[in-house]
*Asks:* 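The structure under discussion is supplied below as structure tokens; questions concerning it will follow.
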Amino acid sequence: MQELVVIILTLNEEPNLAAALASVGRRAPVLVLDSGSTDATAAIAREGGAELHVRKFDDYATQRNHALDLVRERYRWALFLDADERMTPALWDEIEGVLPRDDVDGVYIGWVFEVLGHDLRHGSFGIASNLRLMKTAAARFGRATHERVDDRQMRVMRLEHKIRHADAKPLAEWFRKHVKYAEWEARHYVEGTDLQRGLEGFSLRTKAGRTVGVRWVYNKLPLFVRPFLHFSRSVVLLGAWRDGLPGLMYAGMQSLWYPMMIDLFIVEERRRRRLRAG
């Protein structure tokens with residue numbers, strides 16, 4: 001069994017994939033799981049030496065679990081990297097220090113987020129991290145959108161160094177993608193997916209467990225009030241203002257516009273279902 005594989009999920013990532021692969025270099029083999037790209041993504045993956053698989057997209061959790069199934073018998077650890085992200089030498093060195101350890105099952109890694117040429121290090125990014133590096137035998141993703149690993153039974157840690165997010169696509173692509181995310185989140189809300197789950201998976205010990213509690217509380221707040229609370233938290237409590245105008249702009253996009261769009265879609269979806277029911 002080999003030590004580590006890097007997994008990248010793709011769909012039309014021609015502008016980004018080559019840089020992501022270059023940031024991995026020869027540090028680890030790469031598996032690219034594509035969802036049916038119509039651009040040069042597949043060719044770039046092959047030219048970059050990646051193992052390429054294609055699978056129709058259902059949702060993010062299912063896609064990531066399929067990738068884990070592809071590597072579980074061959075690799076001890078898997079590192080999930082997005083196509084618009086870049087590894088740094090310092091982060092690689094830190095990861096390589098973790099790989100031999102038997103007392104860790106999963107590793108949280110944060111981001112440095114680049115927007116219009118500016119690095120954002122405060123606001124939500126000051127505390128944000130995801131379980132990105134995980135032992136393949138221990139990890140399984142749940143929740144279709146904004147998927148996460150239930151790490152309550154895992155021994156986890158967080159690294160000091162961060163992944164660099166530097167999307168080469170136009171900013172308009174970010175908005176288009178988040179419109180789709182907002183539609184998915186609205187359907188989850190209206191269908192009661194999170195409500196039915198309740199506090200299942202809640203734990204104060206790990207970030208994923210605490211996120212369950214935060215989401216449960218957030219979904220109890222009134223629509224159209226919660227986006228402003230979210231924005232205030234990002235700007236004031238988490239200090240997005242310290243990143244200047246780019247920080248305030250991104251906080252407006254991520255913490256106000258996006259949650260507000262979810263709430264609008266919730267109202268629209270409820271009305272649509274009432275009309276359909278007669």
*Asks:* What pairs of donor and acceptor atoms, side-chain ones from residues 5-21 against any protein atom, are under 3.5 angstrom apart with sequence neighbours left out?
*Replies:*
unit_1: Thr10; atom_1: OG1; unit_2: Asp34; atom_2: OD1; d: 2.6
unit_1: Asn12; atom_1: OD1; unit_2: Thr38; atom_2: N; d: 2.7
unit_1: Asn12; atom_1: OD1; unit_2: Thr38; atom_2: OG1; d: 3.4
unit_1: Asn12; atom_1: OD1; unit_2: Asp39; atom_2: N; d: 3.3
unit_1: Glu13; atom_1: OE1; unit_2: Asn16; atom_2: ND2; d: 3.0
unit_1: Glu13; atom_1: OE1; unit_2: Lys169; atom_2: NZ; d: 3.4
unit_1: Glu13; atom_1: OE2; unit_2: Lys169; atom_2: NZ; d: 3.3
unit_1: Glu14; atom_1: OE1; unit_2: Ala40; atom_2: N; d: 3.3
unit_1: Asn16; atom_1: OD1; unit_2: Arg86; atom_2: NH2; d: 3.3
unit_1: Asn16; atom_1: OD1; unit_2: Ala168; atom_2: N; d: 2.8
unit_1: Asn16; atom_1: ND2; unit_2: Asp167; atom_2: OD1; d: 2.9

*Asks:* Under 3.5 Å, sequence neighbours excluded: what are the donor-acceptor pairs made by side chains of residues 93-100?
*Replies:*
unit_1: Asp93; atom_1: OD1; unit_2: Arg27; atom_2: NH1; d: 3.3
unit_1: Asp93; atom_1: OD1; unit_2: Arg27; atom_2: NH2; d: 3.4
unit_1: Glu94; atom_1: OE1; unit_2: Glu160; atom_2: N; d: 3.3
unit_1: Glu94; atom_1: OE1; unit_2: His161; atom_2: N; d: 2.9
unit_1: Glu94; atom_1: OE1; unit_2: His161; atom_2: ND1; d: 2.9
unit_1: Glu94; atom_1: OE2; unit_2: Glu160; atom_2: N; d: 2.8
unit_1: Glu96; atom_1: OE1; unit_2: Arg27; atom_2: NH1; d: 3.2
unit_1: Glu96; atom_1: OE2; unit_2: Arg27; atom_2: NH1; d: 3.1

*Asks:* Would a distance-only check, ignoring hydrogens and angles, find a side-chain to backbone donor-acceptor pair under 3.5 Å from Asn130 to Arg132?
*Replies:* no
*Asks:* Check whether Arg242 reaches the backbone of Gly247 with its side chain - one donor and one acceptor, N or O, closer than 3.5 Å.
*Replies:* no
*Asks:* Could you measure the distance from the CZ atom of Arg226 to the NE2 atom of His230? Nearest 0.5 Å is fine.
*Replies:*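 So the gap between those two atoms works out to 10.0 Å.
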*Asks:* Heavy atoms, side chains only, cut-off 4.5 Å: are Met157 and Arg101 in contact?
*Replies:* yes
*Asks:* With a 6.0 Å cut-off (strictly less than), is the heavy-atom count around CZ of Phe175, excluding the residue itself, greater than 12?
*Replies:* yes
*Asks:* Determine whether more than 12 heavy atoms belonging to other residues, nucleotides or ligands lie under 6.0 Å from atom CH2 of Trp241.
*Replies:* no
*Asks:* Would a distance-only check, ignoring hydrogens and angles, find a side-chain to backbone donor-acceptor pair under 3.5 Å from Asp243 to His122?
*Replies:*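 Yes; at least one donor-acceptor contact below 3.5 Å.
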*Asks:* When you check the side-chain N and O atoms of Tyr108 and Asp151, is any donor under 3.5 Å from an acceptor?
*Replies:*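 Side chains of Tyr108 and Asp151: pair found under 3.5 Å.
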*Asks:* Does CZ belonging to Arg76 count more than 12 external heavy atoms closer than 6.0 Å?
*Replies:* yes
*Asks:* Given a cutoff of under 4.5 Å between side-chain heavy atoms of I, L, V, M, F, W and Y, with clusters grown through shared members, what are the other residues clustered with Leu221?
*Replies:* Tyr218, Val225, Leu229
*Asks:* Donor-acceptor pair, Asp119 side chain versus Arg121 backbone, under 3.5 Å?
*Replies:* no
*Asks:* Taking the six-membered ring for Trp and the single ring otherwise, decide whether the centroids of Phe80 and Phe141 are under 6.0 Å apart.
*Replies:*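 Yes, they do, as the ring centres are separated by less than 6.0 Å.
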*Asks:* Before giving the answer on side-chain contact (heavy atoms from CB on, under 4.5 Å), spell out for Asp84 and His165 the whole-Å C-alpha distance, their side-chain angles and the decisive distance to 0.1 Å.
*Replies:* CA-CA 6 Å; Asp84 56 7; His165 183 284; 3.1 Å; yes
*Asks:* So, Gln254 versus Ser124: side-chain donor-acceptor pair below 3.5 Å or not?
*Replies:* no
*Asks:* With side-chain contact (heavy atoms from CB on, under 4.5 Å) as the criterion, how do Arg55 and Leu70 come out once you've worked through the C-alpha distance, each side chain's angles and the decisive distance to 0.1 Å?
*Replies:* CA-CA 12 Å; Arg55 180 184 184 277; Leu70 290 172; over 6 Å; no
*Asks:* Look up atom CD in Glu85 and atom CD in Glu114, then write down how far apart they are to the nearest 0.5 Å.
*Replies:*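 Those atoms lie 12.5 Å apart.
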*Asks:* CZ/Phe57 to OG1/Thr62 distance, rounded to the nearest 0.5 angstrom?
*Replies:*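 That separation rounds to 8.0 Å.
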*Asks:* Rounded to the nearest 0.5 Å, what separates atom CG in Leu120 from atom CG in Leu248?
*Replies:* 10.0 Å
*Asks:* Between Trp184 and Tyr60, how do the two ring planes meet: parallel, tilted or perpendicular, split at 30° and 60°?
*Replies:*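 Trp184 vs Tyr60 ring planes: perpendicular.
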*Asks:* Starting at CE of Met253, measure out to CE of Met261 and round the result to the nearest 0.5 Å.
*Replies:*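 So the CE of Met253 and the CE of Met261 are separated by 10.5 Å.
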*Asks:* Would you say that more than 12 heavy atoms from the other residues, nucleotides or ligands in this model lie under 6.0 Å from the CZ of Arg271, or not?
*Replies:* no
